*Asks:* 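Sharing a structure, written as structure tokens. Questions coming.
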Number of protein chains: 2
Amino acid sequence: MRGIAPPHIVIIEDEPVTRATLTSYLDSNGYRVTGAASAPRAEEILARDPADLLLIDVNLEGKDGLQITREQRALSEIGIILISGRTDDVDRIVGLEMGADDYVCKPFNRRELLARIKNILRRTTALRHLRRTVFRFEGFTFDVNKRQLTRSDGEPVRLTRAEYEVLAQLLRHPAEVQSREKLVACVTHRQDSPEPRTVDVLVRRLRKKLEDDPGAPQIITTSHGEGYIFTGRLQ
Amino acid sequence: MRGIAPPHIVIIEDEPVTRATLTSYLDSNGYRVTGAASAPRAEEILARDPADLLLIDVNLEGKDGLQITREQRALSEIGIILISGRTDDVDRIVGLEMGADDYVCKPFNRRELLARIKNILRRTTALRHLRRTVFRFEGFTFDVNKRQLTRSDGEPVRLTRAEYEVLAQLLRHPAEVQSREKLVACVTHRQDSPEPRTVDVLVRRLRKKLEDDPGAPQIITTSHGEGYIFTGRLQ
DNA sequence: TCCATTATGTTAAAATTTGTTAACAAGCGG
DNA sequence: CCGCTTGTTAACAAATTTTAACATAATGGA
């Protein structure tokens, strides 16, 4: 178990053997993989459990890979890799122009596919941060759902609810200034929001728990006149 | 019409004909293209004029394409496509694992390359930090995302937010005069922008932290009557 | 319920950052 | 060399953040 939520990959492939092979290979490389035999089945899965990347066979029965690509691309910036049995230039170009991030032809090298997947996921991390529930940074693991912060030596760090909210908001928008107003809004869900200055105190308390030297913070940085920023190394 | 400056693509290819062909093709497709015959030449160009995407021939004399890929990927999330005359699986995998977004083999279809370029640019422009985020100069390393300046001996140099903004703006436009008005605009978060003279003070404070002899500045130079310029040796 | 404990919010003094000013130095054209 | 303009520097004022101390609210157990 890795402690952080692995990216979710959905494979849309009607050929059972290829699907199973790919699934187990990617699974053994630490991804969470879901197989789908058809477009409708994939749509069900995506509705319940959004994916970070789609691996789509071009030649599917019914709604084909290109159509899925066009539809999904219209919906989101999800990563898409098309897989095809044909090596025709025109097919490839059409797929890429449809918005697929990549197009690989069978037979393909699994390690190459893995490298391509990694590169695309690196590009889509900004999107993933919003949905992410587990963050690893600077010797800590933060689980948003469990509301738990753990040091890498396994020692749990107790955070109050308000501290959790602030840290979660900062982590979901790394290297981006979060204003006090935005952060208070996260902390309180009440009508009468507290003084924005309250955030200063919460940040101070967080720094005491996170930073080596709270006087010279590295992880939560102040942007004078603007707010606070997460500047730790994420993941 | 897009109304924004076209993406900048730098081609690193020592074969003049290929370079010229690619340059004119991409140019005619609306990109701003700069050709470089070697890695050192490319680095000069990138220092003056940051690119959105690199097209790199793998088999260059001197520093080869893989090395350039590794170095550039350490500096930024710039898009990188490798071009190779060989179709060897292992070469391709190594390139992709080095962080190249794509790897195309000659002879390639120009329209396919164009589609791939478009897809990568879509990804990189979606990311905020599409451009360079780490600058090395004159014994310092400046990480824009972490908002940290470090001396080469590892000693951190504390910058205030305003100093950080000024340095970032100067570094993003090296060897180019930045007017006080432009620099104030970077610094201020208020409605009423401060006196342009404020920049002088900020520059002075930066020089104190950066220059060997702040009285005879080498890194941030004054352009009399115009503004300030970054004149340090980048990277 | 009441009490003890913890969490949240407020405030004010101290410290830091930012902005202004003015005296002085340096650059530039005649 | 003079006089004007522009840049440098230091000192200071204003704004903002940090820090600590404390008040109030919420929570959980007896």
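All of these numbers come straight from a predicted model, not from anything done at the bench. Here is the naming used below: chain letters follow the sequence lines, and residue numbers restart at 1 for every chain.
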*Asks:* C:dT8 P sits how many Å from A:Leu159 CG, rounded?
*Replies:*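 One finds 10 Å between P of C:dT8 and CG of A:Leu159, rounded.
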
*Asks:* For the helix from C:dT1-D:dA30 to C:dG30-D:dC1, measure the angle between the helix axis at one end and the axis at the other, each built from five pairs, rounding to 10°.
*Replies:*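 Result, rounded to 10 degrees: 30°.
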
*Asks:* I'd like to check the side-chain hydrogen bond (donor to acceptor under 3.5 Å, both in side chains) partners of B:Asn119; sequence neighbours left out, ordered by chain and number.
*Replies:*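 Testing B:Asn119 for side-chain hydrogen bond (donor to acceptor under 3.5 Å, both in side chains), a comparison that skips the adjacent residues, returns B:Arg122.
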
*Asks:* Kindly point out which of D:dT18, C:dT17, C:dG19 is positioned nearest to the side chain of A:Thr222?
*Replies:*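 Ranking D:dT18, C:dT17, C:dG19 by closest atom to the A:Thr222 side chain puts D:dT18 first.
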
*Asks:* I need the full list of ring pair (Phe, Tyr, Trp, His ring centres under 6.0 Å) pairs touching residues 199-220 of chain A, with sequence neighbours left out, sorted by first then second residue.
*Replies:*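 Found none.
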
*Asks:* So, using side-chain contact (heavy atoms from CB on, under 4.5 Å) as the criterion, who are the partners of A:Asp52 when residues are at least two apart?
*Replies:*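 For A:Asp52, the residues satisfying side-chain contact (heavy atoms from CB on, under 4.5 Å) (neighbours in sequence not counted) are A:Pro7, A:His8, A:Leu121, A:Arg128, A:Arg131.
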
*Asks:* Identify, with sequence neighbours excluded, every residue that meets salt bridge (charged side-chain N to carboxylate O under 4.0 Å, His left out) alongside A:Arg151.
*Replies:*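 For A:Arg151 the salt bridge (charged side-chain N to carboxylate O under 4.0 Å, His left out) partners, ignoring immediate neighbours, are A:Asp153.
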
*Asks:* Could you pull out all residues at least two apart from B:Lys118 that satisfy side-chain hydrogen bond (donor to acceptor under 3.5 Å, both in side chains)?
*Replies:*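 If we apply the side-chain hydrogen bond (donor to acceptor under 3.5 Å, both in side chains) test to B:Lys118, skipping adjacent residues, there are no hits.
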
*Asks:* With respect to the phosphate group of D:dT18, does any side-chain polar atom (N or O) of A:Tyr228 fall under 4.0 Å of OP1 or OP2?
*Replies:*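 Affirmative; the distance criterion is met.
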
*Asks:* From CG of A:Leu206 over to P of C:dA7, roughly how many Å is that when rounded to an integer?
*Replies:*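 Those two atoms, CG and P, are 13 Å apart.
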
*Asks:* What is the distance, to the nearest angstrom, from the CD1 atom on B:Ile220 to the C1' atom on D:dT8?
*Replies:*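 After rounding, the reported distance stands at 14 Å.
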
*Asks:* May I ask you to verify if any side-chain N or O of A:Arg161 is less than 4.0 angstrom from the OP1 or OP2 atom of D:dT27?
*Replies:*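 Indeed not, no polar side-chain atom of A:Arg161 lies that close.
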
*Asks:* Could you tell me how far apart B:Glu165 (CD) and C:dT17 (P) are, to the nearest whole angstrom?
*Replies:*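 These atoms are roughly 15 Å apart.
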
*Asks:* With a 4.0 Å cutoff (strictly under), does any side-chain N or O of A:Arg207 reach OP1 or OP2 of D:dT18?
*Replies:*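 The answer is yes; a side-chain N or O of A:Arg207 sits under 4.0 Å from OP1 or OP2.
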
*Asks:* Any protein N or O atoms within reach of nucleotides 10-13 of chain C? Criterion: under 3.5 Å, listing atom names and distances.
*Replies:*
{"unit_1": "C:dT10", "atom_1": "OP2", "unit_2": "A:Glu195", "atom_2": "N", "d": "3.0"}
{"unit_1": "C:dT10", "atom_1": "OP2", "unit_2": "A:Thr198", "atom_2": "OG1", "d": "3.2"}

*Asks:* Is any side-chain N or O of A:Arg204 closer than 4.0 Å to OP1 or OP2 of D:dT19?
*Replies:*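 For D:dT19, OP1 or OP2 has a side-chain N or O of A:Arg204 closer than 4.0 Å.
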
*Asks:* Per the ring pair (Phe, Tyr, Trp, His ring centres under 6.0 Å) rule, what does the pair list look like for residues 136-159 of chain A, sequence neighbours excluded?
*Replies:*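 Sorted pair list: A:Phe137-A:Phe140, A:Phe137-A:Phe230, A:Phe142-A:Tyr164.
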
*Asks:* To the nearest Å, how far apart are A:Leu202 CG and C:dT8 P?
*Replies:*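 That distance rounds to 7 Å.
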
*Asks:* Taking atom P of D:dT9 as reference, at what distance in whole Å does atom CG of B:Asp200 sit?
*Replies:*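 It works out to 10 Å between those atoms.
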
*Asks:* If the condition is side-chain hydrogen bond (donor to acceptor under 3.5 Å, both in side chains), which residues does B:Thr222 pass it with, not counting sequence neighbours?
*Replies:*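 Result, side-chain hydrogen bond (donor to acceptor under 3.5 Å, both in side chains) vs B:Thr222: B:Arg207.
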
*Asks:* Using a strict cut-off of less than 4.0 Å between a Lys/Arg side-chain nitrogen and an Asp/Glu carboxylate oxygen, indicate whether B:Glu43 and B:Lys63 qualify as a salt bridge.
*Replies:*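 Looking at B:Glu43 and B:Lys63, the cut-off is met.
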
*Asks:* Mind listing the residues from residues 177-184 of chain A sitting with a heavy atom below 4.0 Å of DNA chain C? Number order is fine.
*Replies:*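 Listed by number, there are none.
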
*Asks:* Please check the phosphate of C:dT16 (OP1 and OP2 only) for any side-chain N or O of B:Thr160 closer than 4.0 Å.
*Replies:*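 Looking at the OP1 and OP2 atoms of C:dT16, neither is under 4.0 Å from any side-chain N or O of B:Thr160.
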
*Asks:* Hey, is CG on B:Asp212 packed in by over 12 heavy atoms from elsewhere, all under 6.0 Å?
*Replies:*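 It does not: B:Asp212 CG has 12 such atoms or fewer within range.
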
*Asks:* Output all residues satisfying salt bridge (charged side-chain N to carboxylate O under 4.0 Å, His left out) with B:Asp213, sequence neighbours left out; order by chain, then residue number.
*Replies:*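 For B:Asp213, no residue satisfies salt bridge (charged side-chain N to carboxylate O under 4.0 Å, His left out) once neighbours in sequence are set aside.
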
*Asks:* List for me each residue that meets side-chain hydrogen bond (donor to acceptor under 3.5 Å, both in side chains) alongside B:Thr221, sequence neighbours excluded, and say none if there are none.
*Replies:*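 Result, side-chain hydrogen bond (donor to acceptor under 3.5 Å, both in side chains) vs B:Thr221: B:Thr231.
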
*Asks:* In whole Å, I'd like the distance from the NZ atom of A:Lys208 to the C1' atom of D:dT18.
*Replies:*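 Answer to the nearest Å: 11 Å.
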
*Asks:* Give a yes or no on whether a salt bridge exists between B:Asp102 and A:Arg116, defined as a side-chain N under 4.0 angstrom from a carboxylate O.
*Replies:*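 A:Arg116 and B:Asp102: salt-bridged.
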
*Asks:* Whole angstroms only, please: what is the NE2-P distance between B:His224 and C:dC28?
*Replies:*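 After rounding, the gap between these two atoms is 6 Å.
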
